[in-house]
Amino acid sequence: MARFVFNTSWFGNNRGSVLIMTAVALVAMFAFAFLVIDGSMMMTTKNELQAAADAAALAGASGLATGSTVTATDRAINFAAYNEAMQDIARPVVISAADVTFPGNGVVRVRTHRTQATGDALRTYFMRIVEPAGSNLSDVSAVAEAQYYDVCAANCIKPWAIPDRWDDVNGNGHPDSGELYDPNITGYNAPGDVGVPVVLKVGNPTSAIAPGQFFPVDLPSLDCNCGVPPQTGGSDYSWNISNCNAYKISPGDRLQVEPGNMVGPTTHGMQDLIDADPTAYWNDSTNSVEGSRFGLSPRIALVPFFDPTSPPASGRNWVRVVKLGAFFLESVGPGSQVNGRFINVTIPGSPCASGSNNSFLKGISLVQ
């Protein structure tokens, strides 16, 4: 009978090779784990830091629009901290004034970080195995730049056009011959006039700038080139108070006036708008809107100004826009008088043409 002899030496000679292959496989496995786990963690942290940098840069640009680099820096630092990014666990993104710089006119640059140099490095799991001489700490950072600019065209305009401020020497509320008007000298300006009460739609016929003219206008403008004529009547007018009209208005546009007091449509539209944010109110001590349920209250509205030296006559004619203003719509009073507070906000909108100086609204956008 034939016998099979099992020779263990056949395998003993390969032990070293198996150990080497196992070691190589382990290194490859940990390298793969580093790529999959640590790599994805680093990518996620990078995205989180970028989101924080974007938010901080936009907040900084809104502060820079007030003319203060101190305000811009404070806002950038505060808004960065509203965001979280991984460190050992998810923690607020903390930056300092050194991370906020101003590389150009109207531009703010923000750097967010998880680095060893700033003491907040990202803690990884497998990097030390792949790099024994290193540590389990990794550097990740992100940069964003934002700028502010003058806004001269915007949508969501409310259906009123009011006279810009002039030097009303005799105080009769009507522009008279010889009374000075200059949009940059006598006109409303921000931030100097923030909090000033302004009547956006008059309710008493004796206060009308001309017989039958209480400041309502029809939207869109006569110059919109959109194929849509100005929409007349109480229904559209009321809807434009409580909603956002998509057509842009800019200085130079002609707005068709809507004659009549429009008591019912004004009251209805204003009540719908107030009901959208009923807890918002104007705080005289802080000179700001408080109590809103929104980041930007829907009761903050854009209203066009017209040249008071060219007021509308009676009937359905038009006024020409000289600039746009922002207001907190505070209340509706007797005769559907609309009361607002002049405010300073940054809004979405189209930049002014080069050399334009008749806007005091500011827009912000990311540039990097």
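Reckoned from all heavy atoms, side chains included, excluding hydrogens, waters and symmetry mates.
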Chemist: Do Arg299 side-chain atoms and Ala280 backbone N/O form a donor-acceptor pair below 3.5 Å?
Modeler: yes

Chemist: Over 60° means perpendicular and under 30° means parallel, so tell me whether Phe342 and Phe305 are parallel, tilted or perpendicular.
Modeler: tilted

Chemist: Please answer: with hydrophobic residues joined when any side-chain heavy atoms are less than 4.5 Å apart, are Val303 and Ile249 in the same cluster?
Modeler: yes

Chemist: Any side-chain donor paired with an acceptor under 3.5 Å for Asp120 and Thr118?
Modeler: yes

Chemist: Between Tyr188 and Arg165, is there a cation-pi geometry (under 6.0 Å to ring centre, at most 45° from the normal)?
Modeler: yes

Chemist: Output, in order, the C-alpha distance, side-chain angles, deciding distance and verdict of side chain to side chain donor-acceptor pair (under 3.5 Å) for Asp164 and Tyr181.
Modeler: CA-CA 8 Å; Asp164 199 4; Tyr181 167 66; 2.9 Å; yes

Chemist: Is it the case that Asn261 and Lys201 place a side-chain donor and acceptor less than 3.5 Å from each other?
Modeler: yes

Chemist: With sequence neighbours excluded, tell me which residues meet side chain to side chain contact (heavy atoms under 4.5 Å, CB included) with Asp74.
Modeler: Val70

Chemist: For Tyr247, what are the other residues in its hydrophobic cluster, where any two members join if their side-chain heavy atoms are less than 4.5 angstrom apart?
Modeler: Val228

Chemist: For side chain to side chain contact (heavy atoms under 4.5 Å, CB included), just list the numbers for Thr71 and Thr69, CA-CA rounded to whole Å, side-chain angles, deciding distance to a tenth of an Å, and then say yes or no.
Modeler: CA-CA 5 Å; Thr71 300; Thr69 57; over 6 Å; no

Chemist: Taking 4.0 angstrom as the limit, do Glu258 and Arg316 come out as a salt bridge?
Modeler: yes

Chemist: Would you call Asp223 and Arg320 a salt bridge, using N to O less than 4.0 angstrom?
Modeler: no

Chemist: Once you round to the nearest 0.5 Å, how far does CD of Glu330 lie from CH2 of Trp282?
Modeler: 8.5 Å

